[in-house]
Amino acid sequence: MKRIPIIAANWKMQLTEAESKHLATFLKENYQPSADLEVLLFPSFLHIASVRDIIAGSGIYLGGQNLSFAEKGAYTGEVAAFQLADIGCTHVLVGHSERRHYFHEDYETVNQKVKAAISSHLKVVLCIGESADERKAGVTEMVIVDQLESAFSGIDHDKLASMVIAYEPIWAIGTGKPPKPEDAAHVHQIVRKTIRRLYAPEIADNIRILYGGSIDAKNIKAFMAQEEVDGVLVGGASLDAKKFLQCLKNWKD
Ligand code: PGA
């Protein structure tokens with residue numbers, strides 16, 4: 001089966017509502033949807049409804065940047081999976097390195113969030129990646145395998161198939177210093193090999209593995225050209241409407 005590539009925009013905590021609406025409007029007006037690419041936006045929770053209304057009918061998908069581990073209830077300040085689904089999200093980011101670092105999300109929390117998302121039929125974009133020190137110490141493979149095994153704990157075959165993995169080496173996020181595309185692709189192979197071992201060859205062959213970290217309109221094509229890279233998660237370069245549109249246009253010849 002051919003894996004349809006994904007280009008996803010992670011707007012993090014960067015934009016006002018007016019800026020989010022401007023970006024969404026610009027994309028809706030200038031991006032021609034195509035069957036060979038999925039485009040996915042992760043706005044702030046606060047702007048999801050406005051962005052949803054703007055991109056309605058455009059074929060662009062919408063996701064939350066985070067969710068609560070809990071299903072529902074007295075959890076002041078949290079946002080539950082069912083609320084994301086209810087407001088029109090199809091996807092949710094889980095385990096972004098900024099959440100693991102600043103909000104101390106450990107392996108167990110990430111696993112709980114994966115389960116919470118799946119129970120509301122959200123497609124999880126699971127972020128994994130090693131730190132600079134881990135890379136230097138030569139333990140990248142061990143870290144990646146640990147992150148996958150813990151996140152997947154208790155997840156059935158049929159549920160895993162709907163997930164997307166985003167490999168985001170922490171040292172490449174927001175630094176302007178991505179790895180060589182072939183080095184990223186090598187880690188993607190490790191991810192696929194691990195999924196093959198834990199689940200089944202057809203699940204591993206079909207699951208989409210994105211690369212994220214300092215992707216821009218200039219380097220996107222080299223990453224997307226790698227057989228193992230099924231798309232990208234773009235942070236900084238997704239905040240500028242023209243630059244992100246360039247990414248959507250430049251990813252292939
Ligand atoms: P970046 O962020 O493109 O700004 O490096 C990527 C991410 O954190 O998802």
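Whatever order the structure lists them in is the order used to number ligands and atoms, beginning at 1.
- You'll find the side chain of His91 reaches within 4.5 Å of the side chain of Phe42, heavy atoms only.
- Annotation for ligand 1: atoms under 4.0 Å from non-hydrogen atoms of Ser214 are 1 (P), 3 (O), 5 (O).
- Judged purely by atom type and a 3.5 angstrom limit, Ser238 uses its side chain to pair as donor or acceptor with the backbone of Gly235.
- Open room surrounds NZ on Lys123; 12 or fewer heavy atoms of other groups in view lie less than 6.0 Å from it.
- Within ligand 1, the atoms closer than 4.0 Å to a non-hydrogen atom of Gly174 are 1 (P), 4 (O), 5 (O), numbered from 1 in the order shown.
- Near Glu168, meaning under 4.0 Å from one of its heavy atoms, ligand 1 places the atoms 6 (C), 7 (C), 8 (O), 9 (O).
- Across Val79, Ile118, Leu67, Val125, a single residue satisfies side chain to side chain contact (heavy atoms under 4.5 Å, CB included) together with Val92, and that is Leu67.
- With a 4.0 Å cut-off on non-hydrogen atoms, Ile173 touches ligand 1 through its backbone as well as its side chain.
- Residue nearest to atom 4 (O) of ligand 1, selected from Ala9, Ala166, Gly236: Gly236 (by heavy-atom distance).
- A donor-acceptor contact shorter than 3.5 Å is absent between the side chain of Arg208 and the backbone of Asp230.
- Interface atoms of ligand 1 facing Asn10, defined by a heavy-atom separation under 4.0 Å, are 9 (O).
- The number of heavy-atom neighbours closer than 6.0 Å to NE2 of His157, taken from other residues, nucleotides and ligands shown, is above 12.
- Taking a 4.0 Å cut-off on heavy atoms, Gly213 registers as neighbouring ligand 1.
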